[in-house]
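Lettering follows sequence order; numbering is per chain, from 1. Values reported hereafter were calculated over all heavy atoms of this structure, with side chains retained and with hydrogens, waters and symmetry mates removed.
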Amino acid sequence: MSRAYTLSDGNSFYCSCERVFDARLARTPVIVLSNNDGCAIARTPEAKALGIRMGEPFFKIRDLCKSQGVRVYSSNYALYGDMPARVNTVYRGFSPRIEIYSIDESFLDLSDVREADRVTLCRDMRETVRAWTGIPTCVGIGATKTLAKLANHVAKKVPELGGVCDLTDPVQYDHWMARIPPEDIWGVGPPNARKLEALGCESVADVRDLDTRAVRKAMTVVGERLVQELRGMACLDLEEVAPTRKGCAVTRSFSDRVENLATMEQAVATHAARLGEKLRAGGLGTDHVTVFFHTSEHDRDRPQRSVSSVVTLPEASNDTLVLVKACLHGVRKTWRDGYRYSKAGVVTTDLVPLAASQRAFPGLGQLDRDHGAALMGALDACNRRFGRGSVVPGSAGFAPEREWSTKFDMRSPRYTTRVEKVPVVMAA
DNA sequence: TCTGGGGTCCTAGGACCC
DNA sequence: TCTGGGGTCCTAGGACCC
């Protein structure tokens, strides 16, 4: 039996999450904005039809949205983080071999399903997800992950297919490979699209038929792998176990420019605290953290400044108090007055499992991990129960009144994670 | 006069993804 | 006025070592 992968994803996923809890949004154009209400990052077909592009800055389309009745939402990560778990639970019922690829996309291995039954199974899966979670999806089937991705792309673009496209069917494969442009291939961005064009490719079929040495020369091993995948030779495995993450970052733009040190300290301390939470959730630690902040290139005629500073810890840690102290040191060391800063963040790389990490010598910077872990456990438990930020360190950087913010002016309720926000349904 | 070669590690930058 | 955030992988080139 031949190998087969599927890729399922949620249509206009964030918008669909909003629609699940507000029936008035059906058939209405809806968009969801990025952090700080900056850009459109999810659009329903109705919004796309109005010409709203992916990543378009909101201030450029504000008037259009108003005149066309587009419903606009800030990102509601509590909601968007909760819905995929429900969707994946449904997928697992159809195949135990699953790779959760992104917040709204999962690969399944359907190699054990008879070829003739695959499309039927995928239609059933779509309908079940729709019925149980309210999220509309599309499914692509292919002999490799790259082909499954391509099939998913076709399923989304061609409504007549009913949301499922099967590129393991030779007729479908030949038909679509000749009609899809190279830039729609997973892994081909604008620079590589130009290279493929220069190599004479007008369709995915042309890319598939390239000489592997030529494509390797132009696009390195990445390109060669891609060509093999298009030919049906799998180079990418299903990653059922998510690899441990290698880096972690918390960065935010400010709703208003920041011009004084105390405010910057508040923002960076908050980011550092969040970084600690994320590291603890994975049992990971770091022995160095980078703090950065910079002005905005959109502030023309203003002096520009961009700094980043690496602060080394005596040993790996994920203790919020340790991280905050280190990050504040980084800020103070590099701060300069006279600039209007637009963004700040804390970044770590080279994460290690904390339990197995090298200790410092006692007295030479060794941290009290037991005490710290107990304190952080209590902190995390409080914040899980009462909401993020309910309990913060009393240290520098945490003032009673926040002097900086990120914009979320149009956020919907936390329907799925706050009892008081659960929708009430009346039946007569 | 003749002026090595091969390996590792690290970093910055590019490209891509959602 | 207003332009996101968080990841991964690959390569080239320099530093360093024996």
Aromatic centroids of A:Phe107 and A:Tyr5 separated by under 6.0 Å: no
Ring centre gap for A:Trp404 and A:Phe293 strictly below 6.0 Å: no
Listed once per pair and sorted, the salt bridge (charged side-chain N to carboxylate O under 4.0 Å, His left out) pairs that draw on residues 337-355 of chain A, sequence neighbours left out: A:Asp299-A:Arg340
5′-ward residue of the pair A:Lys60/A:Val222 relative to DNA chain C: A:Lys60
Position toward the 5' end of DNA chain C (nearest nucleotide), A:Thr220 or A:Thr406: A:Thr406
Pairwise P distance for C:dC18 and B:dT3, with rounding to whole Å: 25 Å
[X]/[Y] ion pair, N-O < 4.0 Å:
X: A:Arg19; Y: A:Glu46; result: yes
X: A:Arg86; Y: A:Asp82; result: yes
X: A:Glu277; Y: A:Arg274; result: yes
X: A:Glu18; Y: A:Arg71; result: no

Please classify the nucleic acid contact of [X] as base, sugar-phosphate, or nothing, using heavy-atom distances under 4.0 Å.
X: A:Arg257; answer: sugar-phosphate
X: A:Lys195; answer: nothing
X: A:Asp104; answer: sugar-phosphate
X: A:Phe58; answer: nothing
X: A:Lys407; answer: nothing
X: A:Glu297; answer: nothing

Under 3.5 Å side-chain donor-acceptor pair for A:Asp104 and A:Ser102: yes
Donor-acceptor pair between A:Arg385 and A:Ser390 side chains, under 3.5 angstrom: no
Residues from residues 235-256 of chain A lying under 4.0 Å of DNA chain C - heavy atoms: A:Arg245, A:Lys246, A:Gly247, A:Cys248, A:Ala249, A:Val250, A:Thr251, A:Arg252, A:Ser253
side-chain hydrogen bond (donor to acceptor under 3.5 Å, both in side chains) against A:Thr406, all qualifying residues, sequence neighbours excluded: none
Bounds of contact between DNA chain B and chain A, in 5' to 3' order, using a heavy-atom cut-off under 4.0 Å: B:dA15 to B:dC18
Residues forming a side chain to side chain contact (heavy atoms under 4.5 Å, CB included) with A:Arg97, sequence neighbours excluded: A:Arg3, A:Ser95, A:Asp109, A:Leu238, A:Glu240
Bend angle of the helix from B:dG5-C:dC18 to B:dC18-C:dG5, from helix axes over five pairs at each end, nearest 10°: 0°
